[in-house]
*Asks:* 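One structure is given below, represented as C-alpha cells, and several questions about it will come after.
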Amino acid sequence: MMESKIAESLTKAVKTLYQQDVKPDIFQLQKTRPEFEGDLTVVVFPLLRLSHKAPEATATELGKWLTEQMEEVTGFNVIKGFLNLEIADAFWLRFFKEAAENEKFGFKSEQNDPPVVIEYSSPNTNKPLHLGHVRNNLLGWSVAEILRAGGKKVFKVNLVNDRGIHICKSMLAWKKWGKEKTPGTSGQKGDKLVGDFYVLFDKKYKEQIAGLVKQGMDEKEAAQNAPLILEAKEMLVKWEAGDEEVRKLWNEMNSWVYAGFDTTYQRMGIDFDKIYYESQTYLLGKALVNEGLEKEIFFRKEDGSVWCDLTDEGLDEKLLLRADGTSVYMTQDLGTAQLRYDDYHPQKLMYVVGNEQNYHFDVLKRVLKKLGKSWAEGIYHLSYGMVELPHGKMKSREGTVVDADDLMEEMANTARKTSEELGKFDDFTPEESIRLYEMIGMGALKYFILKVDPKKTMLFNPKESIDFNGNTGSFIQYTHARIRSVLRKAKASGITPDKENITGLSLEKKEKSLIRWLYDFPQIISAAAEAYSPAQIANYSYELAKEFNQFYHELSILKEENPAKRDFRLMLSDFTSQVLRSAMGLLGIELPERM
RNA sequence: GGUCCGGUAGCUCAGUUGGAUAGAGCAGCAGCCUUCUAAGCUGCGGGUCGCGGGUUCGAAUCCCGCCCGGAUCACCA
C-alpha cells in the first residue's frame with residue numbers, strides 16, 4: 001500500500017532530518033481533497049514537536065526528502081500545514097494492471113479462524129413480514145456477505161419463534177371461524193392467512209372483554225378470564241404436553257406460514273445456512289438455569305421463581321424462570337446461545353435485532369458470563385434503529401404497517417412505470433422486462449435501506465415512493481448499464497484491449513481520480529466489515545459511480561484516437577463495472593446489462 | 001427517575017482514529033442530447049453542525065453541564 005510505504009519513508013526522513021525515532025503509524029495520510037493539487041496528503045501539525053520548525057518549513061523539508069527518496073513521489077506542494085504529494089502515473093497504472101486481472105479484487109480469502117454466526121430475521125409465525133423485518137433481513141444478510149468478503153467464515157442463521165401463546169391464538173381462531181380455509185382453497189399467502197386469524201382472535205377477544213366489563217367485571221380480570229384466552233391457554237398446555245391433535249394443526253398452520261415466508265425471502269434475496277426453531281430449543285435454557293442455581297449464581301424467591309441478581313453491575317434483578325417453572329424469553333435465549341456455541345464454536349455470536357432490545361442482550365451476555373461461559377464475550381448485538389413513518393412508528397392497530405410483499409410489489413411497479421415513461425428497451429421480451437423491473441425495484445429498495453447507518457433510526461415515507469434519481473440504487477445500476485453498453489460496442493467493432501500497451505501512458509485528471517477510487521475498494525471492505533456497516537459500501541459505490549459518470553462525460557472512450565488511450569479507458573471502464581458489481585453484490589443488489 | 005442511543009441545509013442522509021473553506025441527494029432556479037444510454041453531466045441559492053463551557057496548534061468529531069426526541073428499565077417476545 002502506498003500509504004504505508006510513505007509512512008515508512010517518513011520515519012526515515014524524521015530520523016535523518018530531526019534525529020528522532022518514531023513509529024510509522026504517527027503519520028496521518030489522507031486522500032488529497034479534489035480542490036488541491038496532489039494525490040496523498042500528509043498532515044504535518046503533529047510532527048512539529050519533532051522538527052521544532054514552522055509547519056510550512058517542516059512540510060517542505062519532508063516533501064523534498066520524499067521526492068528525492070521515493071520514485072513514486074514525483075512532486076509536492078505545501079498549503080498551510082498540509083503536505084500534498086503527487087504520486088507517479090506509473091504507480092497507478094501498475095496498480096491498475098494488477099488489480100484488473102483479479103476477479104476477486106477487494107475480497108480477502110477465507111481465514112482459518114473460528115466462524116462468525118449471525119442471526120437475523122427471527123420472525124414470529126403469527127405475523128407477516130413488514131418493513132421493520134425488511135431492514136433486519138437486508139442488514140443481516142449484507143453484513144454476513146461483507147464479513148465473508150473480509151475473510152471471515154460466516155454462518156447465517158434464523159431463529160423462528162414458532163411456539164407460544166401467539167400461535168395458539170391463530171390456531172384457535174382458525175378452528176372456530178376458519179371454515180377449513182387453507183392457502184390452497186383461498187389462494188391466500190400462508191403467512192397472511194394465519195396472520196389474519198391472529199388479528200381475528202384479537203378482535204373477538206376484545207369483544208369478550210368488553211362484554212365482561214359491561215357486566216361489571218374489572219378490566220384486568222376480564223382480560224384474564226375471557227373464555228377465548230382461557231381456551232388458548234389450554235391449547236398451549238396441550239401443545240406442551242404433545243397433544244396429537246393440537247400438534248397436527250400446529251404443524252399444518254406453521255407449514256403455511258413457512259411457505260409464505262419463503263416466498264418473501266426469495267423475492268428479497270435472503271437466505272440462511274441454518275434455521276433454528278424455538279419449539280426445538282425452548283427447553284434448553286432451563287438446564288442452564290438449574291446449573292446456575294446449583295452453583296448459587298442464581299437464587300430462588302419465596303414463590304419459587306428464579307432470578308439473577310445484576311444489581312452489582314448497575315442493572316436490576318432479572319427473572320429467569322417463572323414460579324410455575326415455565327421459561328421466559330431470556331431463558332430461551334440462554335439455551336439457544338449455548339446450542340449455537342456447541343454447534344459452531346464461533347468467535348462471534350451476532351444478533352441482528354432492533355435497538356429496542358439493547359437491554360435484553362446486555363443482560364443475556366452478563367448472565368452467561370456469570371455462568372462462567374467465556375464464549376459469552378463473543379456475543380455481539382448488532383443493534384439497528386427503527387424504521388419510522390412520517391407520523392412515528394408503525395402500528396398494526398392503526399393500520400400503518402408497511403407489508404414487505406406489498407412494498408416489493410410496489411417497487412417493481414414503480415420501476416416499470418418509470419421505465420415505460422422513459423421509453424426504453426422496447427425490444428425486450430416480456431420476461432426480460434419483468435426481470436429488469438424487479439432488479440431495479442429491488443435495487444432501489446435495498447439501497448434506500450442499506451445506505452443509512454444501521455445504528456440510526458430511519459424514515460420511510462410511503463407517499464413519496466423511493467427515488468430512482470440521485471443517490472440511489474438505480475443510479476449505480478444505470479452507470480453499470482452504461483459501461484456495459486460501451487463494452488458491447490467495443491467488442492462489436494473488434495476492439496480487444498491489451499494491458500501491456502498501457503505502461504507508458506500519462507493519466508488525465510479524471511482517469512487518475514477514478515483509479516484512486518478503485519484503489520480504495522479493499523480498504524472500504526475492511527472498514528465496512530469492521531464497522532458492520534453496509535452503508536459504507538453503499539456510499540462508496542455511489543462515489544465511485546459518480547466518479548465514473550464524470551469521467552464518461554469529460555472523456556470519450558471509443559472515439560479516442562490514440563488506440564492505447566482508448567483501450568486503457570475501455571479497460572478502466574470494465575474494471576469499474578466489476579468493482580461496482582462486487583460492491584453492490586455485497587448489498588444483494590444486481591446490476592443490469594442494459595436499462 | 002436510572003441506563004442507553006440520537007440531534008448536521010426546507011426534506012432524506014454522508015462526514016474513518018480530532019485536520020484545509022462542513023459535503024451529497026431530493027426539492028427550487030439556470031444551462032447541456034446531429035457525438036459512447038439525459039435514470040446522466042454542469043452551475044446557482046441554501047448551515048449558529050441542539051445550547052453553553054472546557055481540552056489544543058486545530059473540535060461536527062473528545063470531556064462536562066443543560067435542552068429536545070426516541071428506546072428501555074415486564075412473570076411480553
Side-chain angles (χ1 to χ4, degrees), chain A residues 25 28 30 32-33 35-36 41 43-46 48-49 55 79-82 84 122 124 161 164-166 278 301 303 305-307 314-316 318-324 326-330 332-333 353-360 362-363 383 385-386 388 390 392-393 415 418-419 421-422 424-425 440 444 448 451-453 455-461 464 467-479 481-490 523-524 527 530-531 533 535-536 538-539 542-543 545-546 549-550 552-560 569-570 573 594-595:
Chain A
D25 55 18
Q28 294 179 35
Q30 49 195 244
T32 303
R33 298 174 56 149
E35 60 265 37
F36 301 103
T41 295
V43 186
V44 298
F45 292 110
L48 303 183
R49 61 180 179 84
I79 296 172
K80 293 197 219 166
F82 298 88
N84 302 319
S122 327
N124 285 344
N161 181 359
I165 192 73
H166 63 269
E278 281 194 7
K301 286 195 178 173
D303 65 354
S305 55
V306 179
W307 298 73
L315 303 182
D316 299 321
K318 184 72 192 175
L319 177 86
L320 299 177
L321 278 182
R322 295 190 185 100
D324 64 3
T326 56
S327 53
V328 290
Y329 181 42
M330 184 57 67
Q332 293 179 174
D333 264 6
V353 179
N355 59 16
E356 56 198 353
Q357 294 196 39
N358 286 354
Y359 183 74
H360 172 78
D362 192 16
V363 171
S383 162
M386 300 287 103
E388 288 188 352
K393 293 177 74 172
T418 307
S419 299
E421 275 165 23
L422 291 169
K424 295 196 172 185
F425 34 82
I440 296 171
F448 177 81
K451 79 168 180 194
V452 180
D453 184 315
K455 291 194 301 285
K456 292 199 174 174
T457 305
M458 65 176 289
L459 190 105
F460 174 80
N461 190 344
E464 302 166 11
D467 239 309
F468 292 97
N469 295 318
N471 186 355
T472 65
S474 318
F475 175 88
I476 294 161
Q477 289 174 321
Y478 175 76
T479 304
R482 239 182 182 180
I483 296 175
R484 302 303 296 173
S485 170
V486 175
L487 294 173
R488 273 193 304 275
K489 291 210 162 127
Q523 290 159 257
I524 298 294
E530 190 76 25
S533 175
Q536 296 190 14
N539 287 322
Y542 174 65
E543 293 295 337
K546 200 160 65 164
N549 280 326
Q550 289 166 4
Y552 177 91
H553 190 258
E554 280 180 32
L555 303 166
S556 51
I557 302 168
L558 294 172
K559 301 223 158 52
E560 168 59 45
R569 286 175 195 165
L570 269 172
S573 304
R594 294 178 54 191
M595 77 179 264

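Chain letters run A, B, ... following the sequence lines, proteins first and then strands; every chain starts at 1. If you're wondering where the values come from, they're calculated on a predicted model, not measured in any experiment.
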*Asks:* Suppose we define a pair by two distances each less than 3.5 Å, Watson-Crick or G-U wobble; what does B:A14 pair with here?
*Replies:* none
*Asks:* Determine the interatomic distance between P on B:A60 and the same-named atom on B:G50; round to the nearest Å.
*Replies:* 10 Å
*Asks:* B:C32 and B:A71: how far apart are their C1' atoms, nearest whole angstrom?
*Replies:* 49 Å
*Asks:* Looking at B:G19, B:A77, B:C36, which one has an atom nearest to any side-chain atom of A:K489?
*Replies:* B:C36
*Asks:* How many angstroms lie between atom CG of A:N161 and atom CD of A:E278, to the nearest 0.5 angstrom?
*Replies:* 4.0 Å
*Asks:* Given B:C57, B:A14, B:C36, identify the nucleotide with an atom nearest to the side chain of A:F45.
*Replies:* B:C57
*Asks:* Atom pairs, N/O to N/O, protein against nucleotides 72-75 of chain B, distance under 3.5 Å?
*Replies:*
residue, atom, partner, partner atom, Å
B:C73, O2', A:D316, OD2, 2.4
B:C75, N4, A:D303, OD2, 2.4

*Asks:* Rounding to an integer number of angstrom, what distance separates B:G18 and B:A59 when you compare their C1' atoms?
*Replies:* 6 Å
*Asks:* Could you go through nucleotides 59-61 of chain B and list every protein N or O atom that sits under 3.5 Å from one of its N or O atoms, giving the distance for each pair?
*Replies:*
none

*Asks:* Work out how far the C1' atom of B:G47 is from that of B:C13, and round it to whole angstrom.
*Replies:* 15 Å
*Asks:* Applying salt bridge (charged side-chain N to carboxylate O under 4.0 Å, His left out) to A:K455 and A:D453, what does each step give before you reach the verdict?
*Replies:* CA-CA 6 Å; A:K455 291 194 301 285; A:D453 184 315; 3.7 Å; yes
*Asks:* How many Å lie between CG on A:D453 and C1' on B:C5, as a whole number?
*Replies:* 12 Å
*Asks:* Restricting both atoms to N or O, compile the protein contacts to nucleotides 22-27 of chain B shorter than 3.5 Å, with distance only.
*Replies:*
residue, atom, partner, partner atom, Å
B:G23, OP1, A:R33, NH2, 3.1
B:A24, O2', A:Y542, OH, 3.1
B:G25, O2', A:N471, N, 3.3

*Asks:* Taking the side chain of A:K456 as heavy atoms from C-beta outward, which of B:A39, B:A38, B:A14 is closest to it?
*Replies:* B:A14
*Asks:* From the set B:G19, B:U37, B:A39, return the single nucleotide nearest to any side-chain atom of A:A481.
*Replies:* B:U37
*Asks:* What nucleotide, of B:G19, B:A77, B:G40, holds the atom closest to the side chain of A:Y329?
*Replies:* B:A77
*Asks:* Take the protein atom CZ of A:R594 and the nucleotide atom P of B:A39, then report the distance between them rounded to whole Å.
*Replies:* 14 Å
